[in-house]
Amino acid sequence: MVMVSTLATLSATVLLGISARYNSMSNAVAWRQAMNAAESGANVAIQNVHWLNSGASPAFAAAQGWSGPDASGTYTLTNLSVQAGGPGSVRMWSNATVEAPASLIDSRGAQWYRVRATGYAALPGLRRTGDDVTSDSGTRHKNRLRKLDYTSDHFVVTYGEFGVGPSARTVSTPQATRRVEVILQPQGPWNAGVVANSSYDFPYVDSFDSSDPAKSNPDGTYPSSTPSKQQAHGDVIINSNTPPSGTIKGNAGINAGGIATGWGANGDKALASNVSGEVSNNVSVVTPPVFAPAWGATATNAGSSPATITGVGAVSYFRSTRLSNTTVKLPAGRTTAEVNIYVDGDIVSGLTIEPGVTAKIYFTGDFSMKARDMDNQNDRAANLQFYGINPPAGQTQTVTFASGNPGYRYAAWYAPGADFTTNGNPDFVGSFVCKSFTANGNCTLHFDEALGGYGIVSRYSRASWVEDPR
């Protein structure tokens, strides 16, 4: 009896230790998976920022499970189920917010976003702690970092979030809880000479920087007569597996799905010899569609084919069903002004932008004129910005420059659904985001590197990604 009692006691002691260690290991697995849930929630939230920025309505966000925006402009997503996988997986879910605080508006008026996502993983087994060392000085585990919630969500208790608290919100299931915070920086669309979604066939592209006297003429124009100031950053990116043709003073990339040297999928490496920089087969750039601007419905009606559009203040808004031989003028008494124009139709024949005007033109139809008839008298691409609103499915949008006298045409284009075609020998200065980019003649493109700080926000980059250890 003594032997049996002793063995039973030893067995119980061993099983108790094993059970505690198993419980600790299970909790450790759940703690790691809580980070997977938090990062999943953050990624979904980041996509929400892209949806809303591309022109989607709050109703669209609601259809994806988001609530808001509230009075502070915050969107909230709760109880996002995260797919578990692999041995030892547990149930995971996430809550997330997308915030647009006024403190994160930069000097050019662009809104940065803060994304907060809390990830949860259910703890298996009994509602009890393991035998981890409780002090941060312990050498085995660190409970203070793990933050396992057995009775209440410690984030809600301390700070309150996702519409609750601060309060002792009871948890229905013991959980491991982790949170990440991401700051998203807005990025403009013009960071390369050309981004084409399908094809590129153009004779020559290089770059310069209108903001730097060492890389431009003294007046900021392209240094055609000073080769030493001309730059080789005229990058070309094609979001397909079709290599570009022509001389590219810069990097070039296609989306062939491979990483081999050269052009990969079709084996045509001869074209790559015309590229001064690096060549890649696994590059793509997101080009969100352009929607009709929200201010279009309330903008001042300029009618059809107005001869002039004159600004009415520092910033003004107009709408028209067509532009034809139109001149955009400054308001009286001003030396600079921004004029926004929504064209629900075509732009044809001629367009003049007077000095001091920054014209931002959204258009639904086609663009067609001789290159010489597009006259940006500021000689800065940033002063004439075109935004091609994506055509309906099955329809096309075209931008056509007919042949004409040579000369420099300054403009920046963001029209991801448009086919660009040029005849003759104009010299374009600026940047193009389009569907296809084709020239039939002796044309050149000079990418203005200063455009990186201009234009609508087309995407967001992660300025920071950190875990909140509180």
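What's counted below: heavy atoms across the whole structure, side chains too, no hydrogens, waters or symmetry copies.
A search for ring pair (Phe, Tyr, Trp, His ring centres under 6.0 Å) contacts involving Trp295 returns Tyr317, Tyr362, not counting sequence neighbours.
You'll find the side chain of Pro244 reaches within 4.5 Å of the side chain of Ile254, heavy atoms only. At least one side-chain heavy atom of Phe363 sits under 4.5 Å from a side-chain heavy atom of Val399. The side-chain heavy atoms of Met374 and Phe401, taken from C-beta on, include a pair separated by under 4.5 Å. Phe318 has its side chain out of reach of Pro306: every pair of non-hydrogen atoms, C-beta onward, lies at least 4.5 Å apart. Using a 4.5 Å heavy-atom cutoff, the side chains of Thr118 and Thr177 are in contact. Contact annotation: the side chain of Val429 approaches that of Phe208 to within less than 4.5 Å [non-hydrogen atoms, C-beta and beyond]. Using a 4.5 Å heavy-atom threshold, the side chains of Arg462 and Leu184 count as touching. Annotation: side chain of Trp31 is in contact with side chain of Arg178 (closest heavy-atom distance under 4.5 Å).
Side-chain contact, Thr287 with Asn239: no donor N or O sits under 3.5 Å from an acceptor N or O. A donor-acceptor contact closer than 3.5 angstrom links the side chains of Thr358 and Asn383. Looking only at atom types and distance, the side chain of Asp379 has no donor-acceptor partner in the side chain of Thr221 under 3.5 Å away. Residues Ser280 and Asn282 bring no donor and acceptor atom of their side chains to less than 3.5 Å of each other. A donor-acceptor pair shorter than 3.5 Å cannot be found between the side chains of Asp201 and Thr438. Inspection of the Thr364 and Asp344 side chains reveals an N or O donor paired with an N or O acceptor under 3.5 Å.
Scanning both residues, Phe432 and Leu445, for their nearest heavy atoms gives CE1-CD1, 3.7 Å. The heavy-atom pair separating Gln395 from Pro391 by the smallest distance is O-CG, 3.7 Å.
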**Request:** Go through Leu323 and Ile309 one step at a time and tell me if the side chain to side chain contact (heavy atoms under 4.5 Å, CB included) criterion holds.
**Result:** CA-CA 10 Å; Leu323 294 186; Ile309 293 179; 4.1 Å; yes
**Request:** Just do the salt bridge (Lys or Arg N to Asp or Glu O under 4.0 Å) check on Asp468 and Arg179 with the steps written out, would you?
**Result:** CA-CA 6 Å; Asp468 184 346; Arg179 183 166 70 175; 2.6 Å; yes
**Prompt:** Given Asn191 and Arg459, is the side chain to side chain contact (heavy atoms under 4.5 Å, CB included) satisfied, shown in steps?
**Reply:** CA-CA 11 Å; Asn191 297 292; Arg459 59 190 177 88; 3.7 Å; yes
**Item:** Evaluation steps, side chain to side chain contact (heavy atoms under 4.5 Å, CB included), between Val348 and Met369
**Value:** CA-CA 5 Å; Val348 298; Met369 66 180 67; 5.9 Å; no
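Checking side-chain atoms of Asp209 against main-chain N and O of Lys215 turns up no donor-acceptor pair under 3.5 Å.
Here CG of Leu104 is found 8.0 Å from CH2 of Trp112. Values are rounded to the nearest 0.5 Å. Going from atom CG of Asn95 over to atom OG1 of Thr97 covers 9.5 Å, rounded to the nearest 0.5 Å.
More than 12 non-hydrogen atoms from other residues, nucleotides or ligands lie less than 6.0 angstrom from OH of Tyr387.
Taking the six-membered ring wherever Trp is involved, the centroid distance between the rings of Trp413 and Phe367 falls below 6.0 Å.
Using a 30° and 60° split on the angle between ring planes, Phe437 and Phe202 fall in the tilted class, from 30° to 60°.
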